[in-house]
S.K.: 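Could you have a look at this structure, given as C-alpha cells, before my questions?
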Amino acid sequence: MSRFEELPKAYDASSVEDDIYAAWEASGVFDPDKLPERNQKGAPYCIVMPPPNRTGTLHMGHAAMLAIEDVMIRFERMRGKKTLWIPGTDHAAIATQVKVEQLLMKEGMKDPRKELGREKFLERVMQFADDSANTIRKQVRKMGSSCDWTREKYTLDEERSRAVNEMFKRMYDDKIIERGYRVVNWDPQFQTTLSDDEVLTKETTAKLLTFTYDKDFPITISTTRPETKFGDTAVAVHPTDKRYKDLVGKTLTANFCGKQIKVKIIADEAVDPEFGTGALGVTPAHSMIDADIAVRHDLPTVQVIGKDGKMTGDAGPAFSGLTVIEARQKVEKMLGDAGLLKSVVEIPQNLPVAERGGAPVEQLPMRQWFIRVNKKFALRQDTLGRWKKGDEATLKELMTYAVESGQINIVPDQFKKTYFHWINNLRDWCISRQIWFGHQIPVWYKKKVAESHPSLRREGTGEGRNEATGEDLQTEMMVSDTSLGEGWERDPDTLDTWFSSGLWTFSTLGWPDKKAFDSMKEFHPTAVLETGYDILFFWVARMILMSTYALGEVPFKDIYLHGLVRDEQGRKMSKSLGNVLDPLDLIPKYGTDAVRLSLLMGTTPGQDMKLSEAKVEGFRNFTNKLWNISRFILLQIGGDGVGAHGCAPIEINNIKSKTLADEWILASLDETVASVTQKIEKYEFSSAGEELRDFTWSDLADWYLEIAKIEKGKEQILSHILESILKLWHPFMPFVTEHIWKTAGFENNLIISEWPNQSEGFDKLSLEKLTLIKKFEIFIALITDMRRLRAEQGIEPVKFVEFSITSDEEIKNLINSNLEVIKQLARASDIRCELTPDGWVTAMSGTATIGLNVAGAVDIEKEKAKMQKELAELEPYIKSTKAKLKNKEFASKAPAKVIEGMKAKLEEAEGKKKAIEERLGKM
RNA sequence: GGGCGGCUAGCUCAGUUGGUUAGAGCGUCACAUUGACAUUGUGAAGGUCAGAGGUUCGACUCCUCUGUCGCCCACCA
C-alpha cells in the first residue's frame with residue numbers, strides 16, 4: 001500500500017497555489033543574489049516588468065504579459081542563469097488623475113481640483129494610487145510571477161524622481177530639452193497639453209464652408225473651422241497656381257465678420273491646388289501645419305481660441321467669450337447673411353480627440369517644454385558602437401540605429417517597419433503637462449530680472465506673461481531639483497508620464513546613483529522587453545531614446561510584442577460590452593496554471609488572441625491530466641516515491657533490461673527536450689507547449705503508460721520521465737508541477753531545479769524506427785493482456801477473434817511472419833492482424849483499452865468498404881507520384897532528399913495497396 | 001491618403017529559407033467504460049489553403065492584381 005493511493009483523483013488548484021507561492025517567495029529564489037551557487041556563476045538575465053498603471057486592477061492583457069515573462073524567467077533560472085525580474089507600477093499621471101477626478105465627481109464634487117486645492121487633491125490621488133498598487137501586487141502574485149519583490153519600483157518614488165531630474169538636467173544642458181512657444185495639442189476638458197501620441201482621431205462629418213473674408217477680398221477659401229479665421233495672417237496658394245499668380249506677395253486687409261485682419265498672400269508647396277479653391281487660409285495659432293508654413297514665411301501668430309475653449313479678445317468683441325461651436329455657427333450665419341458664403345458641403349472629417357476623456361483637442365500656441373528629436377548634440381559617451389564621445393548625433397539617429405544595426409531585435413519582425421515609419425514621422429515631443437499628478441518639472445523661475453528674452457516673444461498673443469504660471473517673460477530660469485531659495489518659484493507643470501517610463505530599464509537598476517553601478521553593469525542592457533504592441537511608440541521607442549542618449553547603449557536586446565487579448569468574437573474587452581474576462585474570476589475557478597496556458601498556447605507574437613472561458617476550461621482539463629499522469633506514475637513506483645536523481649541526466653545505459661519501448665520513450669523524451677528548449681529560446685512558446693503536450697499526452701500517457709501497466713520494473717524510467725516533464729512544464733504551469741514535485745518526494749524546489757539536458761552519447765535508433773517497434777510491443781503486450789484477462793477473470797475481450805496463440809513464442813512468430821504487413825499497418829496508426837483463418841478482422845490499435853474496445857463485432861462489409869475507400873485514395877496518389885518521379889526535369893532539379901523521401905513513401909503506399917488487395921481477396 | 005497585418009477544417013490557430021498525400025486543439029458524429037484520469041479512451045467525418053494571373057520541374061509558401069476584415073499613421077484646409 002503506497003501513500004500515493006490517497007492522492008485525490010482531481011487536482012485542486014485553489015487549495016495549493018497560495019502556499020506554494022508563499023514558499024517560493026520565502027525561500028528567496030526570486031532574488032538573484034539568493035539563488036543557488038550555479039546561478040551565481042551563470043550569465044545575468046534581466047527583465048524589467050512593464051509597470052501596470054496604478055489606475056485600478058489588472059486585466060487579461062497584464063495576465064498575458066505576466067505569463068509570458070514568467071515563462072522566460074523560470075526557463076532561464078532553471079537553465080542556471082542569474083535571473084532578475086523587477087516588478088513595479090506606473091503612476092500613469094494623467095490617466096490616474098482623470099480617474100480620481102471622475103471618482104470625486106461621482107462623490108458629488110463639481111470641480112475637485114478647485115475644491116480641494118493642489119495638496120489635498122494630490123493626497124487623494126496618491127491614496128488611490130497606493131490602493132491600486134496593493135491590488136496589483138496581489139494579482140501579480142496570483143499569476144505566479146516569480147519576480148523579485150525586494151526590488152519593486154514605482155515610477156513616482158524618490159529614486160525614480162532623482163533619475164527623472166538628472167535626465168532632465170542633462171538634456172537641458174545638451175539643449176535637447178527646450179522651452180518653446182509652439183502650437184501644441186490642448187485638451188480643454190482637462191486643461192493640459194498632450195503629446196501627439198495621446199491624440200486620437202474620431203471619424204465625424206463636418207461642414208466645409210467656402211467663402212471670402214469680405215466682399216472685396218479677391219480670393220475664395222474653404223475651411224471646416226471658420227471660427228479660427230479671425231486668426232488668419234496669410235492666404236497660401238501653390239507656387240505654380242496661375243489663378244493667384246498676381247496676388248502673391250501682396251498684403252491685403254479684410255473685414256472678417258467685424259474684425260480687421262491683415263493677410264499676406266504667399267506661395268507654398270504644402271498647398272494642394274486641387275483641393276477646394278486651391279487657396280488656404282493660414283491660421284498659424286491653431287494648426288501645426290499652418291504653424292510650419294508661418295515659420296517658413298515669417299508670419300505673425302494671432303491666437304483667437306483660449307485655453308478654456310472659448311474665443312479670445314482677438315476674435316473681436318462680437319465673438320469674444322463664445323465657445324468654439326457657438327462662434328462657428330455665428331460665423332456661418334454672418335457670412336451667409338452677408339452673401340459671402342459660396343457653398344456649404346458636408347464632408348467626412350477626422351476630428352482630433354483626447355485619448356483620455358475624448359474631448360476634441362484644440363491646437364493652441366503655448367510656451368511648453370519639448371524634447372527636440374532632430375537637434376544635433378554632442379554625445380556624452382561612446383554610443384552604440386558607432387559614435388565616439390563628443391560626436392554629434394540626433395535622438396532620431398540614435399533611435400533608428402539601435403534597431404537598424406540589429407542591436408535590438410524585434411519579435412515579430414514586421415514591427416520593425418512600423419517602428420521606422422514612426423521614427424521618420426516623429427516630431428518634437430511636448431513633455432510638459434498642466435496636471436498635478438506626476439514629476440514636477442525641476443525648473444525654477446525668478447521674477448523681475450532685468451534681462452528680457454526676446455527669443456520667446458511672439459506677436460499677437462497677449463505676450464509678456466505666461467498665462468499658466470503668471471510668470472513674466474523677464475524671468476530667470478534655473479534647472480534644479482531643490483529649492484533655490486527666496487524669490488524662486490518652481491514650474492507648476494509636471495512631465496509626461498512616458499518621460500519617467502522611458503528611463504525604466506535603468507532607473508529601476510538605480511541609475512544615476514553611483515552605488516548602483518555594479519548592478520547596472522550586470523543587468524543592463526536587459527535581456528528582453530516583453531509588452532503589448534500597442535505601446536511600441538508610447539513606451540518602447542522612448543526607452544530606446546532615453547537609454548541610447550543617457551547610457552550610449554540599448555535598453556534591451558530583444559523586444560517581444562504580444563497581441564491584445566480579445567473576446568471570443570475578436571472584440572476588445574470592455575466594461576460597456578460586458579465581455580470582460582477577469583483573471584481574478586478565472587483563477588479560482590480553473591487555477592492559475594490553466595489561465596496561463598490559455599494565454600500562452602495558440603497565440604503568436606504580435607497577433608491578437610481570442611480568449612474564451614471554454615479555452616481556459618480545456619487547459620484546466622489538461623492540468624488535471626498531468627496530475628493524473630503523475631499520480632499514476634507514483635502509484636506504479638509505489639513506496640515512498642521517487643528518489644532524488646539530482647540534476648544529472650539519467651544514465652540510460654545503466655538501466656538494466658531496457659525494452660524497445662523504453663528506448664523509444666527515452667529517445668522521444670530526448671527529442672522533446674531539445675525541441676522545447678530551442679523553441680522557448682526562439683520565443684515560440686505556443687509551439688513549445690504543443691510539442692510538450694504531444695509528448696505528454698500522446699507518447700507518454702497513451703502509449704508508454706499503457707505498456708507500463710503490463711511490463712513491470714519501469715520505476716526508474718518512469719521516475720526519470722516524471723522528473724523531466726515536471727521540469728519542462730514548470731515554466732508554463734508552475735503551480736501544479738511544483739505541487740507534484742513535492743508530493744512525489746523530489747528534493748528541493750522545482751523552481752530552482754536544473755533544466756533537463758539532452759543526453760549525449762546515447763546510441764538512439766531513429767525515432768521512426770522506434771515508433772514502429774513500440775507499436776509491436778504494444779501489440780504483444782495487448783495480446784498478452786487479453787489472454788491474461790481471459791485466463792484469470794474469464795473476460796472475453798474480443799468476441800469474434802479466435803486466438804489460437806498459446807505461447808510467447810507463437811506471438812513472436814506471428815509478428816515475424818507478418819512483419820511487413822504490420823510495418824505498413826503500423827504506419828497507418830492502426831495495427832490489424834490476421835489472426836483467424838476466416839479472413840481479416842480487427843485485432844487492436846492504440847492503447848490497452850482498445851483490447852476491450854474491440855468487444856463489438858467488426859462488420860465485415862464495413863471493413864470491406866473501408867478498405868476499398870482506402871484503395872481508391874491510394875491509387876491516384878501512386879499514379880501521380882510515379883509520374884512525378886519519371887519527370888526528367890523534376891528528377892534533375894529536385895534535391896535528392898526529396899526524391900528519396902517520395903520514393904520511400906511511394907513504396908510504402910504500394911505495399912499498403914498490395915496488402916489491402918490481398919486482404920480483400922480473402923474476404 | 002500612406003503603411004502594416006489577417007483571410008488555411010464548423011470554431012481558435014500552426015505551417016520554419018518553395019519540395020514527400022496540408023497539421024493541432026476545440027466542436028461534431030460513432031463506439032467504448034471494473035483499469036491513473038468521465039476534467040476519460042479509440043476512431044471517423046470535415047480543407048480546389050479568400051479569388052485571379054504570373055515565375056518554377058514543383059506554390060499555402062515567391063511576384064502582380066482584386067476582394068474582404070482589422071490595425072497604425074496622416075488636421076485636403
Side-chain angles (χ1 to χ4, degrees), chain A residues 4 7 9-11 196 199 201 208 221-225 236 271-272 274-277 279-283 287-290 347 349-352 361 363 412 414-415 417-418 421-422 425 533-534 536-537 564 568 570 601-604 606-612 614-615 617-618 620-625 627-636 682 684 686-687 690 693-694 701-702 705-706 709 793 795 829-830 844-850 852-856 866 873-874 876-878 880-881 884 887-895 897-906 909:
Chain A
F4 299 118
L7 289 179
K9 288 196 169 193
Y11 169 65
D196 291 349
V199 179
T201 51
L208 180 68
I221 58 166
S222 298
T223 185
T224 55
R225 300 286 312 267
V271 180
D272 178 2
E274 303 296 316
F275 186 86
T277 61
L280 166 67
V282 181
T283 322
S287 158
M288 287 186 194
I289 296 277
D290 291 6
I347 58 161
Q349 190 198 34
N350 288 328
L351 183 70
V361 169
Q363 298 188 337
Q414 69 259 24
F415 277 94
K417 287 183 197 165
T418 320
H421 187 253
W422 181 80
N425 295 314
Y533 66 77
D534 53 328
L536 180 64
F537 305 140
L564 273 36
E568 48 197 319
M601 307 276 276
T603 63
T604 328
Q607 213 70 44
D608 290 353
M609 50 184 125
K610 292 180 188 175
L611 185 71
S612 61
K615 188 175 177 186
E617 194 182 339
R620 189 267 322 266
N621 294 355
F622 178 72
T623 310
N624 194 59
K625 182 75 181 177
W627 167 256
N628 274 298
I629 287 169
S630 308
R631 189 163 87 96
F632 173 73
I633 291 178
L634 292 174
L635 282 167
Q636 291 289 303
K682 288 192 282 180
E684 293 171 8
S686 179
S687 181
E690 272 173 41
R693 181 178 54 190
D694 283 349
D702 292 346
L705 293 188
E706 296 302 333
K709 285 175 184 171
Q793 299 171 32
I795 293 170
S829 91
D830 251 10
M844 59 222 50
S845 71
T847 74
T849 41
I850 288 303
L852 298 171
N853 287 353
V854 290
K866 205 169 160 185
E873 278 168 10
L874 277 169
Y877 165 70
I878 291 171
S880 71
T881 310
K884 224 184 234 177
N887 184 309
K888 274 180 198 164
E889 294 228 57
F890 173 76
S892 62
K893 287 181 182 170
K897 196 180 150 195
V898 173
I899 293 175
E900 270 167 42
M902 280 178 75
K903 276 184 181 166
K905 281 232 167 181
L906 179 65

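Letters A, B, ... are given to chains in the order of the sequence lines, protein chains preceding strands, and every chain is numbered from 1.
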S.K.: Does the base of B:C37 carry an N or O that pairs as donor and acceptor with the side chain of A:K9 under 3.5 Å?
M.R.: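 Side chain to base: no pair below 3.5 Å.
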S.K.: Using Watson-Crick or G-U wobble geometry with both distances under 3.5 Å, which nucleotide pairs with B:C26?
M.R.: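 Its partner is B:G10.
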S.K.: Take atom CD1 of A:I878 and atom P of B:U20, then tell me their distance rounded to the nearest Å.
M.R.: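 Value for this atom pair: 18 Å.
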S.K.: Base, sugar-phosphate, or nothing for A:P352, non-hydrogen atoms under 4.0 angstrom?
M.R.: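 No contact at all - A:P352 keeps every heavy atom at 4.0 Å or more from the nucleic acid.
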S.K.: Between the protein and nucleotides 55-64 of chain B, list the N/O to N/O atom pairs that are separated by less than 3.5 angstrom.
M.R.:
residue : atom : partner : partner atom : Å
B:C57   : OP1  : A:K893  : NZ           : 2.7

S.K.: Is there any protein nitrogen or oxygen under 3.5 Å from a nitrogen or oxygen in nucleotides 7-10 of chain B, and what are the pairs?
M.R.:
none

S.K.: List in chain and number order the residues that pass salt bridge (charged side-chain N to carboxylate O under 4.0 Å, His left out) with A:D196, two or more places apart in sequence or in another chain; answer none if no residue qualifies.
M.R.: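 Partners of A:D196 by the salt bridge (charged side-chain N to carboxylate O under 4.0 Å, His left out) criterion, ordered by chain and then number, come out as A:R427.
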S.K.: Quick check on RNA chain B: between A:N350 and A:E690, whose nearest nucleotide comes earlier from the 5' end?
M.R.: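 It is A:E690, whose closest nucleotide lies nearer the 5' terminus.
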S.K.: Counting only Watson-Crick pairs (N1-N3 plus N6-O4 or O6-N4) and G-U wobbles (N1-O2, O6-N3), all under 3.5 Å, who is the partner of B:C31?
M.R.: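 Across all strands, the one nucleotide that pairs with B:C31 is B:G41.
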S.K.: Counting only side-chain nitrogens and oxygens, does A:K615 get under 4.0 Å of the OP1 or OP2 atom of B:U12?
M.R.: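 No, A:K615 has no side-chain N/O under 4.0 Å of OP1/OP2 on B:U12.
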S.K.: Quick one: which of B:U39, B:A36, B:U21 gets closest to the side chain of A:K625?
M.R.: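 The listed nucleotide nearest to A:K625's side chain is B:A36.
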S.K.: Looking at A:K610, I'd like to know whether one of its side-chain N or O atoms comes within less than 4.0 Å of OP1 or OP2 on B:C13.
M.R.: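 Looking at the OP1 and OP2 atoms of B:C13, one of them is under 4.0 Å from a side-chain N or O of A:K610.
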